[in-house]
Protein chains: 2
Amino acid sequence: MGNRDRIVDAAIELMNKNGCVVGTTQLVEHLSISPGNLYYHFRNREEILVEVLSRLTSDLDAVLKVKPYETPIASWLASIFIGGAQVLRQYRFFFSSSLELVMKDERLADQYRNFTARGIKQVDAILKRVLANAAGQLRLTAAERGRLAENMWVLWTSWPRYIEIVAGAGNVEKEILRNHEYLEFLLRPYLDPKFFKAVVTHVRKLQRLDNQTWGVMR
Amino acid sequence: MGNRDRIVDAAIELMNKNGCVVGTTQLVEHLSISPGNLYYHFRNREEILVEVLSRLTSDLDAVLKVKPYETPIASWLASIFIGGAQVLRQYRFFFSSSLELVMKDERLADQYRNFTARGIKQVDAILKRVLANAAGQLRLTAAERGRLAENMWVLWTSWPRYIEIVAGAGNVEKEILRNHEYLEFLLRPYLDPKFFKAVVTHVRKLQRLDNQTWGVMR
DNA sequence: GTCTATACGCCGATAGAC
DNA sequence: GTCTATCGGCGTATAGAC
């Protein structure tokens, strides 16, 4: 693996551990490479983060993609909840500190705004699909559904920050995955109760699976 | 007014404008005082922020206080929505950057955790009062009400960050006050529809009032 | 592609006079 | 309480050899 990728990996790893203040100095120390080498691969610090955000975007895309003829909607929705939480865990520093990271660089800010707009649109599309198949008593207009999507997005992206504050530093990775419970709660009033239960069952299954694999990975 | 208070005021003002990266240097320049003077009043930068958070806490307390025999619940709830949004506007840098500000100092972190726990508890108490008087069809257990309170808190505290990203820098103060719409939406499924409408009406009135006074103040 | 060496600026903080 | 002067450290970024 080339140093370019190693730098991006190290940025994600160290920033998850120590926050977004991690600088190029710490990066090169951790990798035992020279500052010159880092600046050969990247014009500046922000360019590393552009790369991180690109990775994040495509990882999230894979989770939120509305598959054309997906039949079992409940398990699909469950996979989105858990997949979403996994993305939060993997890039938590980015969500925790998005503003600080992004404000310094106009290009990065644009990229992040696109990421946001795109994400909310994808969530809305998912909601549309889900509600078409399993709506509850309470109905939503398209505008209200949009607001729900926005609320879910804000809650999702803000979750790592919140957890980092209330949980001790050691519990972040465990607690962060409970994000789905809060999103489920937002959605619940608008879903058919039986469908909701089915989703929760699927989520539990997926979460057990994650516990196993995540435990092994580290 | 003594320099101590002027320093805290300047910190709030400049950090709202330029983000939490504003340092002691910029502070003393803006106030035309010397670095020595600042460090006479405060041991270090964090101590200024402790003072800011104290102010924020008592300002929010005034908004969230459950008044013992408040009769018109709808207008009271409306005043909480708008008062809450005003607090967001006034201290937005703090919410935008809480993590970065707080992580550097253990004392500040503790203070912020207290602020959070206390806030969620207050919101829950408000919900309890409101739901006892104007619940809708959908009922909540105490645990579910707690989750709703937590969701509302996260959404509220995360709002300035979100707005700062999606809105251009110039529109932040205007957009930030729309926070109440999103909180109302969270609460709506659990409220009596007639009551909800009454709240919205009161909110509109208060918001017009804020527009006038806020316009004059600046 | 990778290294060594280094310039430059900014910021937090202190010493000590008035 | 307020000032002037200054130190030390850190972080980004560059020049130029290998």
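Just so we're on the same page: letters track the sequence lines, and every chain starts at 1. Keep in mind that the numbers below use all heavy atoms, side chains included, and drop hydrogens, waters and symmetry copies.
The distance between atom CD1 of Ile7(B) and atom C1' of dG12(C), rounded to the nearest whole Å, is 14 Å. Between the CD1 atom of Ile33(B) and the C1' atom of dT2(D) there is a distance of 9 Å, given to the nearest Å. The distance from atom CZ of Arg43(A) to atom P of dA15(D) is 14 Å, rounded to the nearest whole Å. Distance Ile48(B) CD1 to dA13(C) C1': 12 Å, rounded to the nearest Å. Distance Glu46(B) CD to dA13(C) C1': 12 Å, rounded to the nearest Å. Phe42(B) places its CZ atom 12 Å from the P atom of dT2(D), with the value rounded to the nearest Å. One can place CG of Leu101(A) at 12 Å from P of dT12(D), the figure rounded to the nearest angstrom. Lys104(B) has its NZ atom 8 Å from the P atom of dG12(C), to the nearest Å.
Under 4.0 angstrom from either OP1 or OP2 of dT2(D) there lies no side-chain N or O belonging to Ser34(B). Distances shorter than 4.0 Å separate some side-chain N or O of Asn3(B) from OP1 or OP2 on dT2(D). Of the side-chain N and O atoms in Tyr40(B), one or more sit less than 4.0 angstrom from OP1 or OP2 of dG1(D). A sub-4.0 Å separation between OP1 or OP2 of dA13(D) and a side-chain N or O of Thr24(A) is absent. Between Tyr39(A) and dA13(D) there is a side-chain polar atom (N or O) within less than 4.0 angstrom of OP1 or OP2. The shortest distance between the side-chain N/O atoms of Asn37(A) and the OP1/OP2 oxygens of dC3(C) is below 4.0 Å.
Using a 4.5 Å heavy-atom cutoff, the side chains of Thr116(A) and Tyr162(B) are in contact.
Remark: the backbone N or O of Phe95(A) is not paired with any side-chain donor or acceptor of Arg161(A) at under 3.5 angstrom. When atom types are taken as modelled, the side chain of Ser158(B) and the backbone of Leu155(B) share no donor-acceptor pair closer than 3.5 angstrom. At distances below 3.5 Å, not a single donor-acceptor pair connects side-chain atoms of Glu51(A) with backbone N or O atoms of Ile48(A).
Nearest-nucleotide positions on DNA chain D for Ser32(B) and Arg45(A) put Ser32(B) closer to the 5' end.
A ring-centre distance under 6.0 Å is not found for Trp159(B) and Trp156(B).
For Gln26(B), taking side-chain heavy atoms from C-beta onward, the closest of the listed nucleotides dT14(D), dA13(C), dC11(C) is dC11(C).
Within 4.0 Å of Gly36(B), counting heavy atoms only, lies at least one base atom of the nucleic acid.
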